[in-house]
Amino acid sequence: MKAPSVARLLLAWYRKGHRDLPWRSTKDPYRIWVSEIMLQQTRAQAVIPYYERFLRRFPNPQALASASEDEVLAAWSGLGYYARARNLRRAAQRICVTGGDFPREYEPIRALPGIGDYTAAAIASIAFGARHAVLDGNVLRVVARVENDSGDIASARTRERFRAVAGEWLDPSDPGEFNQALMELGATVCLAKNPLCLVCPLSERCRARAEGTAHQLPVKLRKVEPVHIQSTLLVVHRGGRVLLRQREREARRMARFWELPAPEQLPGARVVEILGTFRHTITHHRYTFAVAQASVSARCAGFRWFTVRQMREIPLSTTARKALAVAKIIVP
DNA sequence: GACGCGTGGAG
DNA sequence: TCTCCAAGCGT
């Protein structure tokens, strides 16, 4: 008797029960799109509240396209990778200019800003049933283990090989559900650290499990050394308002975000008292910030005063949020 | 191909 | 406390 296919095993497992995530209950390409962008390098748990708030605020591409960049960034603030939000808005504008309907084919979807191979395959398969296998971190891990393939997943050759395997596995009758099932398996069973092989529907045909190599796959060679940085953020408040500066439009990262000044950015400031410290990591940069209460005598060109209420309406950096929490001006 | 980009959770 | 990394993309 022929062994059941990967797709059959996987879909049977998936249909038996999976996490109830809000974007699973829709085929609206706009909602699928927003969820896929938010999920890039971001855990589902972190995405859920942002997804729901974002869609209430921008329920369709037209609403998103007509919003200001600051409004969109404010809704994204805290989620990270802010280029995603800028690209999302730009893509919505492009969609609205070209008729207002979300593209239905892989190629035009792939051509939108912020959409790469993964996201195009995810949207095309989930929203439109197109036969494209997704290749994300979950799929790479599952394929590496089932095939017991120790290729470096940062290399293009390995990724092409893995993509071919996922394409072989793909269930042509429901590519979208198959893709989600494969990613769900990676997210909940075929875990990076501690794979739950005992409950895995693919364990019978998993070569890494047979060889005992699951925990060391997939192989990723490159590694960036962390850099430790110490700095100070100044909290200047006066009459219930706090002094903030805005990053330049051209800044490489977090452009247009409002943040607290460092001492060198506010030369006239006088430190009154150190209120505390906190840590924050941005990619491989590990910051330790001291939070200092400070005062200024003169007016501060390029700065603006914000109330706590106003801060909810602007893109506010997470370092500023953490520092203002240390200063007990906002609640974390 | 290698980097840079945010954040918070898990172990 | 520290490391690793989670539904990637653009340069």
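Every heavy atom of this structure was used, including side-chain atoms; hydrogens, water molecules and symmetry mates were not. Here is how names work: the chains are called A, B, and so on, in the same order as the sequence lines, proteins then strands, and each is numbered from 1.
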Rounded to whole Å, please give me the gap between CD in A/E184 and P in C/dA6.
15 Å
Given C/dG10, B/dA10, C/dG8, the nucleotide with the shortest approach to the side chain of A/N87:
C/dG10
Ignoring hydrogens, what is the shortest heavy-atom contact between A/D171 and A/A7? Give both atom names and the distance.
CB-CB, 3.7 Å
Is any side-chain N or O of A/H280 closer than 4.0 Å to OP1 or OP2 of B/dG6?
no
For the ring pair A/F54 and A/W76, is the centre-to-centre distance below 6.0 Å?
yes
Using a heavy-atom cut-off of 4.0 Å across all strands, would you classify A/R141 as base, sugar-phosphate, or nothing?
sugar-phosphate
Contacts of A/K193 and A/S35 projected onto DNA chain C by closest heavy atom; the upstream (5') one is A/K193
Report which part of the nucleic acid A/N179 touches: base, sugar-phosphate, or nothing (heavy-atom distance under 4.0 Å, all strands).
nothing
Between A/T318 and B/dT7, does any side-chain N or O lie under 4.0 Å from OP1 or OP2?
yes
Grab the CE-P distance between A/M38 and B/dG6 for me, whole Å please.
15 Å
Between A/I123 (CD1) and C/dG8 (C1'), how many Å, whole number?
12 Å
For the residue pair A/R159 and A/F162, would you count it as a cation-pi contact if the rule is NZ or CZ under 6.0 angstrom from the ring centre and within 45 degrees of the ring axis?
no
At under 4.0 Å between heavy atoms, what does A/A192 touch on the DNA or RNA strands: base, sugar-phosphate, or nothing?
sugar-phosphate
To the nearest Å, give me how far apart CZ (A/R163) and C1' (C/dG8) are.
12 Å
Phosphate OP1/OP2 of C/dT1 contacted by A/R286 side-chain N/O (<4.0 Å):
no
Scan A/P113 against the nucleic acid and name what it touches under 4.0 Å (heavy atoms): base, sugar-phosphate only, or nothing.
sugar-phosphate
Is it the case that more than 12 heavy atoms not belonging to A/R161 sit under 6.0 Å from its CZ atom?
yes
Look at the side chain of A/A156 and decide which nucleotide, out of B/dG6, B/dG4, B/dG1, has an atom nearest to it.
B/dG1
Would you mind telling me which of C/dG8, C/dA6, B/dG4 lies closest to the side-chain atoms of A/R43?
C/dA6
For the side chain of A/K322, counting heavy atoms from C-beta on, which of B/dT7, B/dG8, B/dG4 is nearest?
B/dG8
Considering every strand and a 4.0 Å limit on heavy-atom distances, what is the contact class for A/L79: base, sugar-phosphate, or nothing?
base
Whole-Å gap separating C1' (B/dG6) and CG (A/L73)
13 Å
Residues two or more places apart in sequence or in another chain: which of them pass salt bridge (charged side-chain N to carboxylate O under 4.0 Å, His left out) with A/R245?
A/E259
Parallel, tilted or perpendicular: ring planes of A/W23 versus A/Y51, cut at 30 and 60 degrees
perpendicular
Using heavy atoms to find the nearest nucleotide of DNA chain C for A/R110 and A/W23 separately, return the residue whose nucleotide is more 5′.
A/W23
Interatomic distance where CG belongs to A/L316 and P belongs to B/dG6 [whole Å]
15 Å
Counting heavy atoms from C-beta on, name the nucleotide in B/dC5, B/dT7, B/dG1 closest to the side chain of A/T281.
B/dT7
Along DNA chain B (nearest heavy atom to each residue), the more 5'-positioned of A/N194 and A/M254
A/M254
Base of B/dG1, side chain of A/S155 - is there a donor-acceptor contact under 3.5 Å?
no
Any donor-acceptor N/O pair, A/T42 side chain to A/Q40 backbone, under 3.5 Å
yes
Side chain of A/H284 only, please: which of B/dC5, C/dT3, B/dG4 is the nearest?
B/dG4
Out of B/dG6, C/dC9, B/dT7, whichever nucleotide has its closest atom nearest the side chain of A/T283
B/dG6
Could you tell me how far C/dT11 sits from B/dG6 if I compare only their P atoms? Round to whole Å.
14 Å
Once you round it to whole Å, what is the distance between C1' of C/dT11 and CZ of A/R253?
17 Å
Quick check for you: among C/dT3, C/dG8, C/dA6, whose closest atom lies nearest to any side-chain atom of A/D136?
C/dG8
Does a nitrogen or oxygen in the side chain of A/Y82 sit under 4.0 Å from OP1 or OP2 of B/dT7?
yes
Can you tell me the distance, in whole Å, between the CD atom of A/Q41 and the P atom of B/dG6?
12 Å
